[in-house]
Amino acid sequence: MEKHNLTYILEFHLIGFSEDADLQPFLFGLFLSMYLVTVLGNLLIILAVISDSHLHTPMYFFLSNLSIVDICFNSTMIPKLIVDISTHSRVISYVGCLTQMSFFTMFGCMDDMLLTVMAYDRFLAICHPLHYVAIMNPHLCVSQLLICVLISLLDSQLHNLVALQFTCFKDVEIANFFCHPTQLFSLSCSDTPIKSLVTYLVGAILGFFPLFGILLSYYKIVSSILKIPSSHGRYKVFSTCSSHLSVVCLFYGSGIGVYLGSSVSYFPRRGMMASLMYTVVTPMLNPFIYSLRNRDISSTLKRLHCFKV
């Protein structure tokens, strides 16, 4: 395979979902519709939380921020994908690729961190209800959000700094529909320890510890729920965290699939579909999951609809 010196690399080439020209209008309409549904759905969640004073609680504070992050996360990749389909071009500049990778890493990490904080919030609400209000005060909520932002920025800049050290690439074709850091790093000629450290160790730490925190929180939650004598009481308590659990399963299920697949043997088409799940489908489904499975959100959205009518 021909190696390319950084001096001559001004752009990378992304992989499309199909080479069939007849399918391009369908793909354009599909991804445009999914993007609009994602943005509008998450904006409705934010509007519902802001407009209803009953939703001014820690859980909905983090949910509204998760919706903001989902919009940004989705906007990092999908508008570029839509433009590529409409212009029949899959080229992205070197600077544009690094920028997209930075925002993808930052907002992906923010999603990860916020889901962990939301699990901790549900743990306190269910397992320590008497101390919940005192512990989850506004100061702590804002502090947790700022910590999530700080960790995400550090993760993003670390990936960016490593990518800037590359002076030679094996190829200019990235095996995904966006500049995924794992695929970009795999194109580098140099096999430096820092590259492997960031690719696997940092990814494992930022993936393992949040996931461990979520699993531990839900272990405690399930243990507390099982102690409730009535089945109706158990269902009522579990329904308060079922939406969050569904989103966690969607996000981590597809994300871990991509990570493990790229570690062992990466198949571009399979990897693209898995990436599509957690970068596009999950942010799109989040508003539906929270509005359909959460009575507070659904009732607020109904009141907003009736008010507009």
Side-chain angles (χ1 to χ4, degrees), residues 1-43 68-108 110-111 156 159-160 163-164 166 168-188 254-255 258 261-262 266-287:
M1 187 178 292
E2 183 183 356
K3 295 183 179 180
H4 301 263
N5 190 282
L6 187 59
T7 310
Y8 302 104
I9 288 186
L10 298 176
E11 58 190 27
F12 289 99
H13 296 269
L14 304 172
I15 292 180
F17 283 93
S18 175
E19 301 295 334
D20 190 348
D22 295 333
L23 274 178
Q24 300 310 305
F26 169 75
L27 291 173
F28 176 83
L30 176 65
F31 288 118
L32 179 61
S33 301
M34 292 174 77
Y35 179 66
L36 292 176
V37 168
T38 301
V39 173
L40 293 174
N42 282 288
L43 283 176
I68 294 171
V69 171
D70 278 342
I71 292 173
C72 297
F73 189 45
N74 208 262
S75 299
T76 302
M77 296 148 290
I78 303 307
K80 168 64 179 169
L81 176 61
I82 293 170
V83 171
D84 288 350
I85 293 172
S86 62
T87 58
H88 306 288
S89 171
R90 302 190 186 101
V91 174
I92 185 169
S93 67
Y94 173 75
V95 174
C97 185
L98 292 187
T99 304
Q100 188 182 60
M101 183 193 70
S102 297
F103 282 118
F104 165 80
T105 308
M106 181 174 69
F107 292 124
M110 271 288 286
D111 248 331
S156 173
H159 278 81
N160 215 15
L164 288 171
F166 300 154
C168 176
F169 291 90
K170 304 170 190 174
D171 199 357
V172 293
E173 185 176 75
I174 297 174
N176 215 317
F177 64 94
F178 66 99
C179 287
H180 194 288
T182 306
Q183 273 80 63
L184 182 63
F185 284 12
S186 66
L187 294 179
S188 170
S254 51
V258 172
S262 60
Y266 184 78
F267 298 97
R269 298 295 174 186
R270 192 184 302 173
M272 285 170 64
M273 294 307 297
S275 297
L276 188 69
M277 278 298 297
Y278 76 91
T279 59
V280 182
V281 177
T282 301
M284 182 184 71
L285 291 179
N286 283 359

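Because the structure is predicted, anything quoted here is derived from the model rather than measured.
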Under 3.5 Å, which donor-acceptor pairs link side chains of residues 79-87 to any protein atom two or more places apart or in another chain?
unit_1: K80; atom_1: NZ; unit_2: D84; atom_2: OD1; d: 3.0
unit_1: K80; atom_1: NZ; unit_2: V91; atom_2: O; d: 2.7
unit_1: S86; atom_1: OG; unit_2: I82; atom_2: O; d: 3.3
unit_1: S86; atom_1: OG; unit_2: V83; atom_2: O; d: 2.8
unit_1: T87; atom_1: OG1; unit_2: V83; atom_2: O; d: 2.7

(message) Please enumerate all residues that pass ring pair (Phe, Tyr, Trp, His ring centres under 6.0 Å) together with F177, with sequence neighbours excluded.
(response) F17
(request) Determine the interplanar angle of the H180 and F178 rings, folded into 0 to 90°, and report it as parallel if under 30°, tilted if 30 to 60°, perpendicular if over 60°. (result) tilted
Search all heavy atoms of [X] against all heavy atoms of [Y] and return the closest pair with its distance.
| X | Y | value |
| --- | --- | --- |
| T279 | P283 | O-CG, 3.5 Å |
| T76 | F104 | CG2-N, 3.7 Å |
| M110 | V69 | CE-CG2, 3.6 Å |

Spacing of [X] atom [atom1] and [Y] atom [atom2] [to the nearest 0.5 Å]:
| X | Y | atom1 | atom2 | value |
| --- | --- | --- | --- | --- |
| S89 | H13 | OG | NE2 | 8.5 Å |
| N42 | I71 | CG | CD1 | 5.0 Å |
| I174 | L184 | CD1 | CG | 5.0 Å |
| T99 | M101 | OG1 | CE | 9.0 Å |
| N286 | N74 | CG | CG | 10.5 Å |
| M277 | M284 | CE | CE | 9.0 Å |

Is there side-chain contact between [X] and [Y], with at least one heavy-atom pair below 4.5 Å?
| X | Y | answer |
| --- | --- | --- |
| F185 | H159 | yes |
| N176 | T182 | no |
| E173 | L187 | no |

Donor-acceptor pair, [X] side chain versus [Y] backbone, under 3.5 Å?
| X | Y | result |
| --- | --- | --- |
| S186 | Q183 | yes |
| Q100 | C179 | yes |
| S156 | T105 | no |

(request) Check side-chain contact (heavy atoms from CB on, under 4.5 Å) between D20 and all other residues, then give those that pass, not counting sequence neighbours. (result) S18, D22, L23
